[in-house]
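Order of the sequence lines fixes the chain letters, A, B, ..., with proteins taken first and strands second; residue numbering starts at 1 for each chain.
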Amino acid sequence: MSQVKPSLPKGTRDFLPQQMYRRQFVMDTLRSVFESFGYQPVETPSIEKLSVLSGKYGDEGEQLIFKVLRRGTGLEDLLKDRDDFVVKEYGELVNEALRYDLTVPFSRVVAMHQSELVLPFKRYQMQPVWRADRPQRGRYREFYQCDIDSVGTSAMLADAETIAVVYHALVKLGFEKFVIRLNNRKILNGVLENAGIQGPKGDAALLTIDKLDKIGLSGVHNELVQRGFSESQAAKILSVIEMDGSAGGILQKVEQALNPSETLREGLAETREILSFLPSLQVPAEVVKVDLCLARGLGYYTGPIFESVVEEPKIGSITGGGRYDGLVGMFLGRDIPATGTSFGIERIIDVMTQLEMFPGEEGGTQVLVLIFDASTQTDSLAFTQELRNSGVRAESFLEVAKLKKQFSYADKKGIPFVVIIGPDEAAENKVTVRDMSSGQQVTHAHDNALEFFADRFVNSET
RNA sequence: GUGGGCGUAGCUCAACUGGCAGAGCACCAGAUUGUGGAUCUGGUCGUUGGGGGUUCAAGUCCCCUCGCUCACCCCA
């Protein structure tokens, strides 16, 4: 067999055990918080019909969808009676694509299974998504997303609850310094209306506004002018966006500064309602900051929008979401309101790694039972299984090998205890236990050793 | 899509103006025949990403190509 140089496709990664323990810790923690709020798990296929995905992510996003070439006879049939290879329509070559995010496939699920779902329906989903992006630091072509969404209610409590989940999940993961930024598309639209901006030009303005942290007030002003807005329009937008202060204070200032349109009034009322729920959900007021320059890239948000930002490593947002009352309607013909958020698992793991937030215990083997020689192998195997039965994570070495090699294995895997059952021990129904960190070694009666490990690893855990 | 950087042992990297492809780690064996980490000794490991060219001689220079990577745009 010819040897192939091992390599990975661009922007993809292998996860080795050490990393997997970390990833699982994050996902397990999130899962437990989600379920404590009544969210239920859902998974969808990796591939979707291209028609389901297209038109949802804007022009830039559309380019980044991983399209799947038609395969098998489909493609052969296409080419059979042709002497040229001219493709007249995309659909002739491609009719499916890899999942680009979790929100759109979930909207499809809601539209397809509405009769089976109990509304309001709250689901969580953790699966990889794919983007044909050019990878760079912290950016991949295959990465996990983790979404929670509530569909079937317009109640602002659903949005408030989403924020509460974000808060409690981040706290449970160990985050201390973070801020949840809150805004509302209706407020933004009100601000744009006030500056005399409407329609698709508004999206361009929002994209610019969103960059405030990055490029500053003057940067936003310049870019707005550059994009074709007048000086006075830019000035009007900036006067609102630079407002600072407490959540309630900002809302009041906006109300006073602009003549309140219907849209603006709704946005303000929604934001106030969300804020009113947060104390009883034990989300501290100082964590939630009304931030009028928050716009969020995706086009489908219709109401409240929010994201969370850690202060220490400047890495951008680690969660982000909002209300998207129109998305399910694209599959159904009638709207079903929905709101939710996405947890940037990859970034969360990066930040937690940087801040050394992972606990030491990692779910690895607790006891290695050595195979002394062929004559005692069955004794070792039997003892290992007894350890497992009592709840200890135990393994025996898979080969009859030199003790040196087996000890070295335990050392490299970080296994804290090694058990030796040689001819001497076997004859007396005893086992020798070695503590790898201290090097101390004690010979116990068989049952006492089992008890020792159960006390050490099982009974003390709760 | 735009602009940089880099491809040499499993990994991290060295090799002067072109002159015998090397080191550390890892792996295997031994020093130590019932015992890991530390030390020492020895050993295994190469299509220098691929193809072409210049040259007595190319890891090194030239051309092509493939791949990786970083930044911008955008995004998680």
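C11(B) and C72(B) are spaced 29 Å apart, taking the P atom of each and rounding to whole Å. Between U60(B) and G18(B), the distance separating the two P atoms is 11 Å to the nearest Å. For the C1' atom pair drawn from U44(B) and A29(B), the interatomic distance equals 10 Å after rounding to whole Å. For the P atoms, the distance linking G51(B) with C13(B) amounts to 25 Å, nearest Å. Of the C1' atoms belonging to C68(B) and A26(B), the separation is 23 Å, rounded to the nearest Å. The C1' atoms of C61(B) and A38(B) are separated by 47 Å, rounded to the nearest whole Å. A gap of 35 Å separates the P atoms of A21(B) and G4(B), to the nearest Å. Nucleotides U8(B) and U48(B) place their C1' atoms 4 Å apart, quoted to the nearest Å.
Using the six-membered ring where Trp is involved, Phe397(A) and Tyr409(A) have ring planes that are perpendicular, over 60° apart on the 30 and 60° scheme.
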Using nucleotides 27-29 of chain B, report all nitrogen or oxygen pairs with the protein that are shorter than 3.5 Å.
from	atom 1	to	atom 2	distance (Å)
C27(B)	OP1	Lys412(A)	NZ	2.6

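Residue-nucleotide stacking is present for Phe143(A) and A76(B), judged by a side-chain ring centre under 5.5 Å from the six-membered base ring centre and planes under 30° apart.
Between the side chain of Gln406(A) and the base of G34(B), no donor-acceptor pair under 3.5 Å is found. Side-chain atoms of Arg134(A) stay outside donor-acceptor range of the base of G1(B), with no qualifying N/O pair under 3.5 Å. With hydrogens and angles ignored, a donor-acceptor pair under 3.5 angstrom links the side chain of Gln441(A) to the base of U35(B).
Remark: P of G36(B) and CZ of Phe397(A) are 14 Å apart, rounded to the nearest angstrom. Ile420(A) places its CD1 atom 12 Å from the P atom of G34(B), with the value rounded to the nearest Å. Distance, Glu425(A) CD to U35(B) C1': 12 Å, rounded to whole Å. The distance from atom CD of Gln63(A) to atom P of G1(B) is 10 Å, rounded to the nearest whole Å. Atom C1' of nucleotide A26(B) and atom CG of Asp411(A) are separated by 15 Å, given to the nearest angstrom.
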* Structure fact -> Pairing string of RNA chain B (Watson-Crick or G-U wobble, both atom distances under 3.5 Å; | = paired to other strand) is (((((((..((((.....[..)))).(((((.......))))).....(((((..]....))))))))))))....
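Because its NZ or CZ atom is not both nearer than 6.0 Å to the ring centre of Phe417(A) and within 45° of the ring axis, Arg456(A) does not count as a cation-pi partner of that residue.
Donor-acceptor pairing under 3.5 Å is lacking for the side chains of Thr103(A) and Asp149(A).
For Arg347(A), the side-chain atoms get nearest to C75(B) when compared with the rest of C75(B), G36(B), G34(B). Ranking C74(B), C73(B), U35(B) by closeness to the Gln136(A) side chain, first place goes to C73(B).
Look at Arg23(A) and Glu346(A) and you find a salt bridge, because one of the NZ, NE, NH1 or NH2 atoms lies within 4.0 Å of a carboxylate O, short of that distance.
Remark: of the listed residues Phe175(A), Phe34(A), Phe143(A), Phe34(A) is the sole one forming a ring-ring contact (aromatic ring centres under 6.0 Å, His included) with Phe343(A). With respect to Glu270(A), the salt bridge (charged side-chain N to carboxylate O under 4.0 Å, His left out) criterion is satisfied by exactly one of Arg323(A), Arg185(A), Lys186(A): Lys186(A).
In terms of phosphate contacts, Arg137(A) brings a side-chain nitrogen or oxygen within less than 4.0 Å of OP1 or OP2 of A71(B).
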